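Before any comments, here is the structure.
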Number of protein chains: 2
Amino acid sequence: MPETQPIRLDSQLCFQIYTANKKFNKFYQDALKPFNLTYPQYIALLTLWENAPMSVKKIGKHLHLDSGTLTPLLKRLESHGWITRNRSPHDERTVIIQLTDKALSQRDAVYDRVNSCQDLLNLTNDQIEDCMATLTMLDEHLDSYNNRDTDE
Amino acid sequence: MPETQPIRLDSQLCFQIYTANKKFNKFYQDALKPFNLTYPQYIALLTLWENAPMSVKKIGKHLHLDSGTLTPLLKRLESHGWITRNRSPHDERTVIIQLTDKALSQRDAVYDRVNSCQDLLNLTNDQIEDCMATLTMLDEHLDSYNNRDTDE
DNA sequence: AACGATTAAATTGTAGTCGATTTTCTAACT
DNA sequence: AGTTAGAAAATCGACTACAATTTAATCGTT
């Protein structure tokens with residue numbers, strides 16, 4: 001009879017990532033307190049600073065989020081004056097997100113704040129790159145198991 | 001004048017972890033579908049299979065979760081017949097969580113299911129251990145920045 | 001032009017997560 | 001004993017996240 005292997009929580013990669021994710025969340029929540037941004041709001045802005053204007057759909061592809069998450073999140077960013085939301089004149093189904101003057105003018109301040117906080121983490125570039133590499137590999141393994149995310 | 005570094009989302013470790021966490025969540029959600037368990041519910045059971053009976057406080061220390069998260073989660077586990085919740089006779093403030101017969105009898109089936117799904121991920125032990133090691137280091141760096149989690 | 005299929009957002013419902021507060025109980029001290 | 005300080009859960013509010021459905025617009029085909 002094969003013995004069922006007990007599963008120790010602390011030895012599980014998933015739990016390590018689950019924990020790291022929560023800690024990163026808190027880290028950014030604190031770092032971004034001056035701007036009153038949550039981590040998901042921050043990464044939405046990051047994408048927009050690179051690619052705006054963008055449709056909700058396109059933001060979702062970058063962040064792997066669906067409209068159920070993005071619609072309320074973007075409404076919050078809009079109500080705080082970071083973005084505008086408007087239906088495309090060419091295709092009334094899509095909503096085009098644009099950055100406001102506030103978002104454009106505060107961009108560098110946010111970048112500076114995040115960069116300086118990251119410095120305090122005292123991670124070497126090598127450490128970060130090692131971690132990124134293994135996680136990229138892990139992501140691919142998970143993708144091939146998960147229902148194949150029809151991302152582009 | 002120093003140029004502000006633009007921040008590319010895909011090069012951010014936090015985003016990699018944020019993404020991996022969501023994918024792991026889906027992975028376990030699917031794997032545990034036969035048992036109708038979410039990932040957080042599963043890790044709560046993992047801890048209990050190791051240490052039950054436990055107080056809510058103690059579970060929270062293991063999982064880094066507070067009562068605001070655990071109380072409703074444990075109520076769900078209770079309503080699905082996995083656990084019981086009772087005030088300690090010695091100290092009426094603490095709630096003692098015990099495993100039901102169902103939880104004890106299904107333990108090995110859950111272990112087997114998770115183990116066999118993990119095999120499909122095709123990760124070598126070396127890869128997993130490398131990843132764990134870098135994440136452990138990362139966790140420590142985040143802890144020393146974050147408000148020092150008064151864990152035990 | 002008209003019907004059916006597809007697509008983009010929005011909506012709804014369930015579950016997690018945390019900060020902050022509240023409630024209840026215990027412990028400690030005068 | 002009585003007051004206060006502290007601890008453990010529960011509660012409340014705000015924000016994510018996702019599955020599933022709905023709504024509205026567009027596209028394709030006849």
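Lettering follows sequence order; numbering is per chain, from 1. A quick note: this is a predicted structure, and the numbers were derived from the prediction, not measured.
Between B:Glu92 atom CD and C:dA27 atom P the separation is 12 Å, expressed in whole Å. The distance from atom CD1 of B:Ile59 to atom P of D:dA9 is 9 Å, rounded to the nearest whole Å. Going from atom CZ of A:Arg87 over to atom C1' of C:dA8 covers 8 Å, rounded to whole Å. Nucleotide D:dT16 holds its P atom 9 Å from the OH atom of B:Tyr18, rounded to whole Å. Atom C1' of nucleotide D:dC18 and atom CZ of B:Phe24 are separated by 19 Å, given to the nearest angstrom. Atom-to-atom, NZ of B:Lys23 to C1' of D:dA17 comes out at 16 Å; the value is rounded to the nearest Å. Atom C1' of nucleotide C:dA9 and atom NZ of A:Lys58 are separated by 17 Å, given to the nearest angstrom. Taking atom CG on B:Leu73 and atom P on C:dT14, their separation rounds to 16 Å, with Å as the unit.
Screening A:Ile43, A:Leu135, A:Leu46 against B:Phe15 for a side-chain contact (heavy atoms from CB on, under 4.5 Å) leaves a single residue, A:Ile43.
No hydrogens or angles were tested; on distance alone, a donor-acceptor pair under 3.5 Å links the side chain of B:Ser67 to the base of D:dA10.
Judged by distance alone, with hydrogens and angles left aside, the side-chain atoms of A:Thr134 form a donor-acceptor pair with the main-chain N or O of A:Asp130 at under 3.5 Å.
Among the protein residues, A:Arg76 comes within range of the nucleic acid bases, having at least one heavy atom under 4.0 Å from a base atom. Counting non-hydrogen atoms under 4.0 angstrom, B:Asp66 reaches a base of the nucleic acid. Looking at heavy-atom distances under 4.0 Å, B:Gln41 makes contact with sugar-phosphate atoms alone, never a base. Among the protein residues, A:Leu65 comes within range of the sugar-phosphate backbone only, with heavy atoms under 4.0 Å from sugar or phosphate atoms but none that close to a base.
Among C:dC25, C:dT11, C:dT17, the nucleotide with an atom closest to any side-chain atom of A:Lys22 is C:dT17. Distance from the side chain of B:Arg93 is smallest for C:dT26 among the nucleotides C:dT26, C:dA9, C:dT6. Here the side chain of A:Val95 is nearest to one of C:dA15, D:dC15, C:dA9, namely C:dA9. In the set D:dA9, C:dA9, C:dT26, the nucleotide with an atom closest to the side chain of A:Thr94 is C:dA9.
Separating the CE atom in A:Met54 from the CD1 atom in A:Ile97 is a distance of 9.5 Å, to the nearest 0.5 Å.
Heavy-atom contacts from other residues, nucleotides or ligands closer than 6.0 Å to CG of A:Asp119 number more than 12.
The closest side-chain heavy-atom distance from A:Ile7 to B:Trp49 is not below 4.5 Å. Taking 4.5 Å as the limit, every side-chain heavy atom of A:Tyr39 sits out of range of all side-chain heavy atoms of A:Asn21.
One finds no side-chain N or O of A:Arg85 lying less than 4.0 angstrom from the OP1 or OP2 phosphate oxygen of C:dA8. A sub-4.0 Å separation between OP1 or OP2 of D:dT16 and a side-chain N or O of A:Lys75 is absent. Note on A:Thr38: a side-chain N or O is less than 4.0 Å away from OP1 or OP2 of D:dT16. Contact check, A:Tyr39 against D:dC15: no side-chain N or O comes under 4.0 Å of OP1 or OP2. Close to C:dT17, at under 4.0 Å from its OP1 or OP2, lies no side-chain N or O of B:Thr69.
Nearest-nucleotide mapping onto DNA chain C: of B:Gly68 and B:Asp91, the residue sitting toward the 5' end is B:Gly68.
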